[in-house]
Amino acid sequence: MDNVIRVQTPGALLARGGIYAALIFMAVVYLAPLLVMLLTSVKTLEDIRAGNLLSLPREITFQPWLHAWSEACTGIRCEGIGGYVWNSVQIVVPAVVISTAIGALNGYALTKWRFKGQEWVFGMLLFGCFIPFQVILLPMAQTLGWLGLGSTTTGLVLVHVVYGIAFTTLFFRNYYVNVPDELIAAAKLDGAGFFRIFLRILLPVSTPIIVVTVIWQFTQVWNDFLFGVAYSSHETQPVTVALNNVVNSTTGVREYNVDMAAAMIAALPTLLVYVLAGKYFVRGLTAGSVKG
Amino acid sequence: MSALEIRNVRKDFGRTRVLREVSLSIDSGEFLILVGPSGCGKSTLMNAIAGLEPVTDGSILIGNEEVTWRTPAERDIAMVFQSYALYPSMTVRQNIAFGLEMRKVPKAEREATVERVAKLLQITPLLDRKPSQLSGGQRQRVAMGRAIARQPTVYLFDEPLSNLDAKLRVEMRTEIKKLHQTLGTTIVYVTHDQIEAMTLADRIAVMREGRLLQLGTPDEVYNDPVDMFVASFMGSPSMNFIPAQLVRDEHGISLAIGAASDPYRLPFPAARTTPDLDAWVGRRVVLGLRPEHISERTPWGEEDANTHPLTTEVTVAEPTGADILLRVRLGEDEVNARVSPKQNVTPGDRLPLQVDMARAVLFDPERETRIA
Ligand SMILES: Nc1ncnc2c1ncn2[C@@H]1O[C@H](COP(=O)(O)OP(=O)(O)O)[C@@H](O)[C@H]1O
Ligand SMILES: [Mg+2]
């Protein structure tokens, strides 16, 4: 029993049944592609040809996964996507850490240290959330060129940090607005300065919003394709670009199982992050004020 | 020595003028209470003293040093907030020690101070708890402990007890008074509870709409209010304002209350008449009488020259335990009276009462200022 008192008339039961049926149907529709990917990635090629998309594998093989990781061809090279996963990690980790840290500081400054023109700064940041990727593609390429960061991992990190700050700042600002100002006033009177108040008073109560921001940024940066394809060389390509190359550069026999395994590998980190921290994500999004 | 001096302080928020030329001076060891209706600028004044908000004009001196443009940390002030503002991620111990740590007090000394303060406030068993594990009263104590630990020149309390229930509030009030007596600290304390004001204060400052109306001892503010606002703000139930006509006859000045044809006459004490009062003879004034000055007849009342009999109808009787509050007719209006609980009163009765005019005050009915 779920401890709720409900109307038990036949009509209400029927309506509830209908709602559940609709929900289950939509969940199935939503999950079907993932299931197909997973099934296909552990089938042999003969198996794939013999059955349909949803048929179970006759024997489970992890060969496609190993192949995708270390042998699949991206363009002319056939080294698998393993190296590109590492490229992505090198882009994602600094980009997420830096953009989250800057967002936290921005949110703190915007809510707890009033300064001239803060409304304006916040307005511009908000505007930043609505700038589409495509608009900044060319000017950013030029900027990276000037900075000597074209086709480098550092350049990609920079792009993701700059693009992400608008979002991370917004997250932290909305969270810190609910932290009572008196807490900051008390710390000021106790003799703490800007950074000390941030590190000792605010940061320890920021876990929910840090989790939200990290998940958001991780997903955004890891899944990014456009910046990755535009601003990287073969050496610095993220896994999303490599995946595209794997799928597009197959000559001769099309190895669906390898393609699917590669896609699964590319998607796994974001899936894992959600599974591990999703609970905190929801909690953080709905977290109210910090109680003293 | 004055511990804190405020000179002509003004504070505007954009076009809203919140503080208008506030000046006051507090002696070292003095307990000053700031009272006034909600929104009159009490918290704004406290924030200005603390340095949390810059003033628009004027200056602030702490310990005879100009601090108007110093940061809160440089002012040697501690503040207790209405919401307590305890650091949620720190234990009680860390909360109390934080200010000392920021001021680079050595660890051993910090620990000794925390123990001493905790003992003083009886919160030693709570030292390792987080604020979220404390009750309202306990949080209140911790907030005070945090202020006491640093031993600043001036303590600011902004409505520190208003989030507590009535019983706890009375307990903490006594405790704060005791603390002030043992530590001899200088305190500026905001409240809108006039009993808190009367019981705690060395002096009371009454504010209204960003102005300081009166600054005086509780006795002065209660018995000698500068205007009708101060008179009505202090005391519960508040002072009766009785429309009257000022008349002069062979016995001196008196007040005629009620119908012009058959007024009830109350002589005004000769000792309290001023030369200015002559100008008011024949004009309408407001007589201010506190409820306790209209009471049951007493033997001394018969002999006292300023006490006059009044027999009148009771419309409402509210026993409070310690006494009975009455609504009685006086002239064309009803006024509040306060009688001993031994009196047997039923509404509708005519009751023999007496009016003590020794503390009566007179106001200008238009400008609401004090006349005598
Ligand atoms: N930061 C602010 N911006 C604009 N107006 C303010 C600000 N702080 C206070 N006020 C205004 O100043 C007036 C006095 O507020 P406050 O000092 O908090 O009153 P009190 O503590 O006496 O209840 C109120 O009218 C309030 O709206
Ligand atoms: Mg206030």
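Excluded from the calculations below are hydrogen atoms, water molecules and symmetry mates; all remaining heavy atoms, backbone and side chain alike, are included.
- Looking at heavy atoms from C-beta onward, E182(A) lies out of side-chain contact with M79(B) at the 4.5 angstrom threshold.
- Interatomic distance, D190(A) CG to N95(B) CG, rounded to the nearest 0.5 Å: 8.5 Å.
- Interface residue E101(B): only side-chain heavy atoms are found under 4.5 Å from chain A.
- For a residue to count as touching a neighbouring chain, one of its non-hydrogen atoms must lie under 4.5 Å from one of that chain's; by this rule I77(B) touches chain A with backbone and side chain alike.
- Remark: M102(B) CE to L189(A) CG distance equals 13.5 Å, nearest 0.5 Å.
- Using a 4.0 Å cut-off between charged side-chain N and carboxylate O, E53(B) and R114(A) make a salt bridge.
- Counting non-hydrogen atoms of other residues, nucleotides and ligands closer than 6.0 Å to CZ of R196(A) gives a total of 12 or fewer.
- Surrounding CZ of F115(A) are more than 12 heavy atoms belonging to other residues, nucleotides or ligands, all under 6.0 Å away.
- More than 12 non-hydrogen atoms from other residues, nucleotides or ligands lie less than 6.0 angstrom from CD of Q8(A).
- Checking side-chain atoms of Y87(B) against main-chain N and O of A187(A) turns up a donor-acceptor pair under 3.5 Å.
- How far OH of Y84(B) is from CG of L183(A): 14.5 Å, rounded to the nearest 0.5 Å.
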